[in-house]
Amino acid sequence: MKKEREASALILILSAPSGAGKTTLCQKLAERNPHLYFSVSYTTRLPRPEEKDGHDYFFISREEFLKKIKGNFFAEWAEVHGALYGTSGDSLNKAIKNSQDVVLNIDVQGALQIKKKYPEAVSVFIVSPVFGDLKERLKKRKTETGEDIEKRLRHAKKEIAQSGQYDYKITNRKLEEALGELEEKITFEKSKPNR
């Protein structure tokens, strides 16, 4: 897959353990920054009640996903909590070619793949101030069983251990503060001469 790059485009990777508030941060960032292109991932997991196909994710079967892997459709893909997730390479390259700043809401595995293909991408890891907060936030979602929550918490510990590979780390104590810090990082990265 050929990568195309315009000097003014910013590729921003956002990762976080389940329940750290990454999706909410992305939604607020999109509301306040309509010029940003938010990549919509493909997934094999079932949609949550409030999620819409094509807006939150493209929900496809595992069989379809595997066909797309074979066809080199994805810029990155990973299996997380038993479901497959991936980013369309064509959509990503089209946004970059059009000099659009791109936001990727992806897990650690996917982030490392993107950084390998696009070394200039800027990565931000979102953490919860207290690990116990993750459990409470997951419970409040009411979308996972107790066993699923424990699995996600074990996975979160592994993800947090890899957060040192990211360019920035933001602690999500208060949503508005974390959002402001994220916007500051974007402004700083956009102001660099090589952008």
Note, [X] side chain near [Y] side chain (heavy atom, < 4.5 Å):
{"X": "Leu14", "Y": "Phe125", "answer": "no"}
{"X": "Thr23", "Y": "Asp56", "answer": "no"}
{"X": "Tyr168", "Y": "Val122", "answer": "yes"}
{"X": "Asn93", "Y": "Tyr118", "answer": "yes"}

Check whether [X] reaches the backbone of [Y] with its side chain - one donor and one acceptor, N or O, closer than 3.5 Å.
{"X": "Glu189", "Y": "Ile186", "answer": "no"}
{"X": "Asn172", "Y": "Ala20", "answer": "yes"}
{"X": "Thr171", "Y": "Arg173", "answer": "no"}

Within the 3.5 Å criterion, strictly below it, is a donor on [X] or [Y] matched to an acceptor on the partner's side chain?
{"X": "Asp167", "Y": "Ser123", "value": "yes"}
{"X": "Asp107", "Y": "Gln109", "value": "yes"}
{"X": "Asn105", "Y": "Tyr57", "value": "no"}

Q. Looking only at heavy atoms, what is the nearest atom pair of Gln113 and Ala75, with distance?
A. OE1-O, 4.4 Å
Q. What distance do Phe74 atom CZ and Ser88 atom OG have between them, rounded to the nearest 0.5 Å?
A. 8.0 Å
Under-4.0 Å salt bridge between [X] and [Y]:
{"X": "Lys115", "Y": "Glu76", "value": "no"}
{"X": "Glu63", "Y": "Lys68", "value": "no"}
{"X": "Lys22", "Y": "Glu159", "value": "no"}

Q.
A quick test of your reading: do over 12 heavy atoms of other residues, nucleotides or ligands sit less than 6.0 Å from NZ of Lys185?
A. yes
**Q.** Stepwise side-chain contact (heavy atoms from CB on, under 4.5 Å) test for Ile11 and Asp101
**A.** CA-CA 6 Å; Ile11 302 169; Asp101 295 330; over 6 Å; no
(Q) One pair to check against side-chain contact (heavy atoms from CB on, under 4.5 Å): Leu182 and Ile170. What are the steps and the verdict? (A) CA-CA 7 Å; Leu182 182 57; Ile170 294 175; 3.9 Å; yes
Q: Verify whether the ring centers belonging to Phe65 and Tyr85 lie closer than 6.0 Å.
A: no
(Q) Is the distance from the ring center of Tyr42 to that of Phe59 below 6.0 Å? (A) no
**Q.** From CA spacing to verdict: salt bridge (charged side-chain N to carboxylate O under 4.0 Å, His left out), Lys28, Glu183
**A.** CA-CA 11 Å; Lys28 294 291 181 189; Glu183 288 176 323; over 6 Å; no
**Q.** By side chain to side chain donor-acceptor pair (under 3.5 Å) - contacts of Tyr166 (at least two apart)
**A.** Ser15
